[in-house]
There are 2 protein chains.
Amino acid sequence: MLSSRRLSYALRRAGATGARITFANYPALRPAIAHFSSSTSRHLPETANAPTSKATKYTTDAYPKLKRNPNFAQLTGEHVQYFKELLGEGSAVVDGVTTDATDDIEPFNRDWMKKYRGHTKLVLRPKTTGEVSKILQYCNSQKLAVVPQGGNTGLVGGSVPVFDEIVVNLSRMNNIRSFDENSGVLAVDAGVILEVADNYLAERKHIFPLDLGAKGSCQIGGNVATNAGGLRLLRYGSLHGNVLGIEAVLPDGTIMEDMSLLRKNNTGYDLKQLFIGGEGTIGIITGVSIICPQRPKATNVAFFGLESFEHVRKAFLEAKGQLSEILSAFELMDGQSQKIVRKVTGLKHPLEGSYPFYCLVETSASNGEHDNAKLEAFLEHVMGESIVADGVLAQDESQAQALWRWREGVTESLSHLGGTYKYDVSIPLAELYQLVDDTRDRLSKAGLIGNDDSFPVHEVVGYGHMGDSNLHLNVAVRQYSKEVEKAIEPWVYEWIAKRNGSISAEHGLGIAKKEYIGYSKNDSMVKLMQQLKKLYDPVSHSSSSPLAVMAGCDVSTNIAIIERDNEPI
Amino acid sequence: MLSSRRLSYALRRAGATGARITFANYPALRPAIAHFSSSTSRHLPETANAPTSKATKYTTDAYPKLKRNPNFAQLTGEHVQYFKELLGEGSAVVDGVTTDATDDIEPFNRDWMKKYRGHTKLVLRPKTTGEVSKILQYCNSQKLAVVPQGGNTGLVGGSVPVFDEIVVNLSRMNNIRSFDENSGVLAVDAGVILEVADNYLAERKHIFPLDLGAKGSCQIGGNVATNAGGLRLLRYGSLHGNVLGIEAVLPDGTIMEDMSLLRKNNTGYDLKQLFIGGEGTIGIITGVSIICPQRPKATNVAFFGLESFEHVRKAFLEAKGQLSEILSAFELMDGQSQKIVRKVTGLKHPLEGSYPFYCLVETSASNGEHDNAKLEAFLEHVMGESIVADGVLAQDESQAQALWRWREGVTESLSHLGGTYKYDVSIPLAELYQLVDDTRDRLSKAGLIGNDDSFPVHEVVGYGHMGDSNLHLNVAVRQYSKEVEKAIEPWVYEWIAKRNGSISAEHGLGIAKKEYIGYSKNDSMVKLMQQLKKLYDPVSHSSSSPLAVMAGCDVSTNIAIIERDNEPI
């Protein structure tokens with residue numbers, strides 16, 4: 001590790017106030033923020049910080065154009081009885097169907113962002129793949145619509161019902177099936193919580209090749225169904241490359257057993273890839289096998305303040321060039337995002353000055369001494385060239401975690417201010433942040449943004465995974481309103497499409513973006529997707545007998561994207 | 001770099017003869033071997049070392065069970081005229097259709113292994129995606145069967161016709177479309193030769209995330225169509241993770257334009273994944289975009305002799321643990337493979353003693369000094385623990401290349417001895433080499449293997465990508481014979497299936513393994529694949545009007561796998 005003196009020179013030369021280098025007196029973030037990475041036992045949606053259900057509009061009210069497909073059957077007491085017998089006691093949460101049921105079903109009907117709320121009366125919690133298969137087979141025969149639900153941590157309304165779809169909640173399918181320390185191949189049930197898997201791997205000197213803020217709640221099945229990207233895609237690559245096998249149940253109950261534990265297996269079409277990012281619309285993922293790298297022996301985290309986005313871009317290219325194989329994250333946060341975390345948590349920011357941009361750089365590799373030498377050369381360069389204005393370097397793991405919370409805490413801090421319109425987009429690097437400025441200008445010109453309660457918009461915030469050209473544009477509002485929504489959409493999608501960007505980088509389409517796929521995929525691609533949906537779920541496609549609507553674990557009913565003309569739910 | 005003295009200690013302590021450390025006097029390998037990585041201008045199949053066409057049996061004679069689907073039309077002079085007008089002069093190679101045509105069509109009918117030979121009379125060489133689209137549209141309307149052909153470097157008979165399918169050769173689609181030095185994203189035509197792309201990237205400080213022995217001839221479209229794995233998958237991951245976009249032409253001529261240049265893009269089903277490893281059976285890949293890492297600044301190559309496979313396994317686990325993020329290849333070669341390279345090339349082997357196993361370890365990263373320190377610690381450990389019996393370390397790039405040729409030259413050296421039955425399989429690491437021993441025993445007990453010409457089998461050889469649990473089992477024969485084939489198949493597939501391995505790790509199924517997919521994929525998976533084939537190529541599926549048979553660039557007519565009962569070609 002670098003000495004304090006050297007760091008002081010290297011990191012604060014362009015700064016102002018002198019000797020503060022380590023985090024010795026740096027307070028821990030409040031539990032409200034920390035829950036994202038600490039609560040491993042909580043499988044159900046977090047409700048502590050959410051308003052009561054009365055505050056969340058029904059999705060059917062917010063999106064009156066969505067029509068329930070009348071071909072789906074209504075749930076009856078007989079159906080509920082069948083499921084209870086099939087799954088045993090404690091496997092079903094029922095409300096509003098039979099008089100004896102008084103379970104609290106609301107947490108399963110709502111998303112944590114308070115934006116989507118469904119009308120389900122039945123939640124099923126199977127424990128085995130066989131049970132999932134029997135559920136779907138029965139739903140298929142009875143014309144009952146279904147929505148799969150993982151950790152319910154998604155941002156696009158994909159994991160909650162819109163109408164009265166039966167929720168198939170995967171939380172009780174939470175066994176780690178196998179792990180091979182030689183090959184690094186892990187096999188799990190879909191409902192295993194990401195952080196539980198990573199802790200299991202940590203004890204065996206390996207690391208899950210995906211990490212994200214919601215790791216304490218999100219489930220691996222949902223991660224795979226949404227092709228989650230997260231914090232270290234830059235280093236470990238995408239799930240399309242790392243997932244080796246998938247077990248999934250198709251709409252008719254067929255079990256697709258493809259749980260390969262092999263690194264290479266070229267035997268016919270790689271069908272499992274369709275389920276990665278397929279948002280659960282063609283089947284419910286019940287098992288995943290994945291290759292996990294060795295856990296790095298040394299990790300460093302630095303946190304910088306920078307004067308402009310161009311400085312951030314330069315810092316990133318330098319990091320890529322100089323830190324190369326040891327760079328494991330390069331995260332962007334704008335000044336607004338940090339102000340909000342500070343306001344919500346009341347914590348002291350790691351940097352004293354105020355900057356329009358901040359970034360977090362993480363290295364992780366096998367030899368701490370080598371890593372430090374590389375990092376030191378990098379820091380000297382970016383400070384010497386005045387690319388970075390100020391910075392701190394974590395001196396131990398708890399400081400590293402504290403720095404990470406200024407990045408990971410943005411999402412949750414925003415949720416404490418009211419509602420948020422969230423856009424998870426990919427744009428070529430040079431123009432990545434321009435979208436935030438342009439959005440702010442646009443809302444300002446429309447008179448919608450301001451500091452007092454008469455303005456619907458509180459702030460426009462940008463942060464994200466710089467290393468993947470992935471921006472999270474967040475419009476924090478005092479309340480959701482059609483006026484704001486209309487000012488942003490579809491303008492924001494047009495802005496992205498003009499730059500050949502993607503309107504959905506890592507969160508999927510869900511309900512939120514179901515209308516807008518055309519901005520990122522051309523007509524012939526959409527047609528090919530419709531064909532596939534029809535192939536795997538033919539009955540829901542037929543107007544005479546639409547059956548189980550498949551929708552994403554952690555992302556839902558985007559069948560409507562695929563079948564835009566049909567609006568089957 | 002380590003000093004000679006230190007190396008001498010570290011590397012030769014368990015060896016015998018003393019001071020030979022560097023490769024100063026080590027001769028270059030003969031051009032016959034070197035062509036695999038040096039001939040960048042040759043786009044057509046190499047024929048110099050192959051026997052005349054008379055020596056290669058027609059596939060229809062070798063596999064009399066394959067029946068031409070009578071619903072396909074016969075090629076006429078009118079068809080040829082249409083294509084000539086469509087594509088212009090020089091775009092078609094014709095033989096045996098019209099009297100004025102005397103082109104040499106044989107190189108397009110044969111594979112380089114002298115194992116497969118078709119009857120095509122027409123080769124089309126389009127220059128644009130539009131031309132490919134028009135070709136397929138016309139073939140669709142005229143019921144003409146098609147086989148795509150890339151560099152024709154495959155091992156499973158996938159890139160040559162069986163009957164009179166029209167060959168669509170991608171060689172003239174060889175433009176590099178774009179490269180962004182900031183993001184590392186490269187976009188190319190499918191016919192760009194792998195080594196050409198890598199040389200282009202080298203000038204821009206990047207590296208193609210795939211490398212393989214045939215890089216001087218194989219094409220990127222073919223690499224993607226077969227989901228080629230190669231030498232550095234261990235480091236850079238699979239094409240499923242690295243390919244960002246694909247442009248392909250579907251059987252009916254529809255262009256699927258999905259050439260995203262973005263690292264993240266979650267907007268609907270990731271359809272391009274079906275084309276990666278789809279062996280060209282649902283469309284011809286015409287363009288590929290891919291993320292390319294920065295080129296390592298330092299590379300080291302070490303070459304070891306080891307006393308048993310268990311020693312190789314231990315060395316691999318130590319390399320993985322100690323070299324970690326800088327390990328870029330760990331290749332296995334058995335003693336037999338090295339004897340054959342020595343015999344064919346007449347070269348002196350890098351190691352003086354004779355060992356039952358050899359391995360090649362490569363590191364590549366950004367800081368030579370750090371890499372050397374890690375490598376030194378690793379070498380001291382594996383020598384000190386007697387895991388490795390002897391070894392040498394390349395002192396410069398030409399020595400590194402020379403060492404690599406003892407791995408990359410195995411395939412071609414084998415081809416000089418006669419025929420080879422090749423099995424590209426994935427098996428859990430502990431039992432990886434057992435398959436070679438068991439195969440040798442089996443052939444020995446059957447009296448089929450021996451040193452003189454009365455025995456059909458010359459030798460059983462094993463080598464491959466240890467880091468990916470991927471073995472290349474090669475049975476070198478004096479001539480191909482049904483007796484040998486029957487002794488090996490399906491026994492070898494049963495052996496692999498018992499261990500939950502894959503019968504095709506990185507080369508695809510092609511003609512060679514079309515009957516055997518059931519050993520690696522269960523019935524429901526095969527049924528799902530059949531559904532997909534039918535979706536994308538419905539007409540070839542119908543007995544009344546089967547049209548364009550799609551088959552792999554660099555891999556072919558494995559439609560028969562997908563439609564086993566149909567045998568449409």
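The chains referred to below are lettered A, B, ... by the order of the sequence lines, with proteins before strands, and numbering in each begins at 1. All values derive from a computational prediction rather than experimental measurement.
Of all heavy-atom pairs between Gly268(B) and Met529(A), the closest is CA-SD, 3.7 Å. The two residues Asn266(B) and Thr226(A) have their closest heavy-atom pair at ND2-O, 2.6 Å. Counting all heavy atoms, side chain and backbone alike, Ser366(A) lies closest to Lys374(B) at OG-CE, 3.6 Å. Taking all atoms of both residues into account, the shortest heavy-atom contact from Thr281(B) to Tyr269(A) is OG1-OH, 2.5 Å.
The only member of Leu429(B), Leu234(B), Asn470(B), Leu233(B) that meets side chain to side chain contact (heavy atoms under 4.5 Å, CB included) when paired with Arg263(A) is Leu233(B).
Of the atoms belonging to Tyr536(B), it is side-chain heavy atoms, and not backbone ones, that fall under 4.5 Å from chain A. Looking at Asn522(B), the atoms closer than 4.5 Å to chain A (heavy atoms on both sides) all sit in the side chain, from C-beta outward. For Glu325(B), the parts lying under 4.5 angstrom from a heavy atom of chain A are both the backbone and the side chain.
By number of non-hydrogen pairs under 4.5 angstrom with chain B, the leading residue of Ile326(A), Ile503(A), Asp258(A) is Asp258(A). Of the residues considered (Ser238(B), Ser426(B), Ser324(B)), Ser426(B) shows the highest number of contacts with chain A, using heavy-atom pairs under 4.5 Å. Highest contact tally toward chain B, considering only Asn242(A), Asn182(A), Leu323(A), is held by Asn182(A) [criterion: heavy-atom pairs under 4.5 Å]. By number of non-hydrogen pairs under 4.5 angstrom with chain B, the leading residue of Ser520(A), Pro296(A), Ala505(A), Gly229(A) is Ala505(A). When each of Glu257(B), His240(B), Lys527(B), Arg313(B) is checked for heavy-atom pairs under 4.5 Å with chain A, His240(B) comes out on top. Per-residue counts of heavy-atom pairs under 4.5 Å with chain A were compared for Leu261(B), Asp270(B), Asp424(B), Val185(B); the largest is that of Asp270(B). Ranked by heavy-atom pairs under 4.5 Å with chain B, the first of Ile276(A), Leu239(A), Asn265(A) is Asn265(A).
The closest donor-acceptor contact from the side chain of Lys264(B) to the backbone of Ser502(A) lies at 3.5 Å or more, if one exists at all. Looking at Thr267(B), its side chain never comes within 3.5 Å of a backbone N or O of Ile517(A) through a donor-acceptor pair.
Within 6.0 Å of the CD atom in Glu369(A), the count of heavy atoms belonging to other residues, nucleotides or ligands does not exceed 12. Dense packing is recorded around NZ of Lys320(B), with more than 12 heavy atoms of other residues, nucleotides or ligands lying under 6.0 Å away.
One finds the OG atom of Ser469(B) at 7.5 Å from the CG atom of Leu262(A) (value rounded to the nearest 0.5 Å). In this structure, Ser183(B) OG and Asp468(A) CG are separated by 11.5 Å, a value rounded to the nearest 0.5 Å.
In this model, no donor atom of one side chain and acceptor atom of the other lie less than 3.5 Å apart for Asn367(B) and His370(A).
At a threshold of 4.5 Å between non-hydrogen side-chain atoms, the residues Leu528(A) and Thr254(B) do not count as touching.
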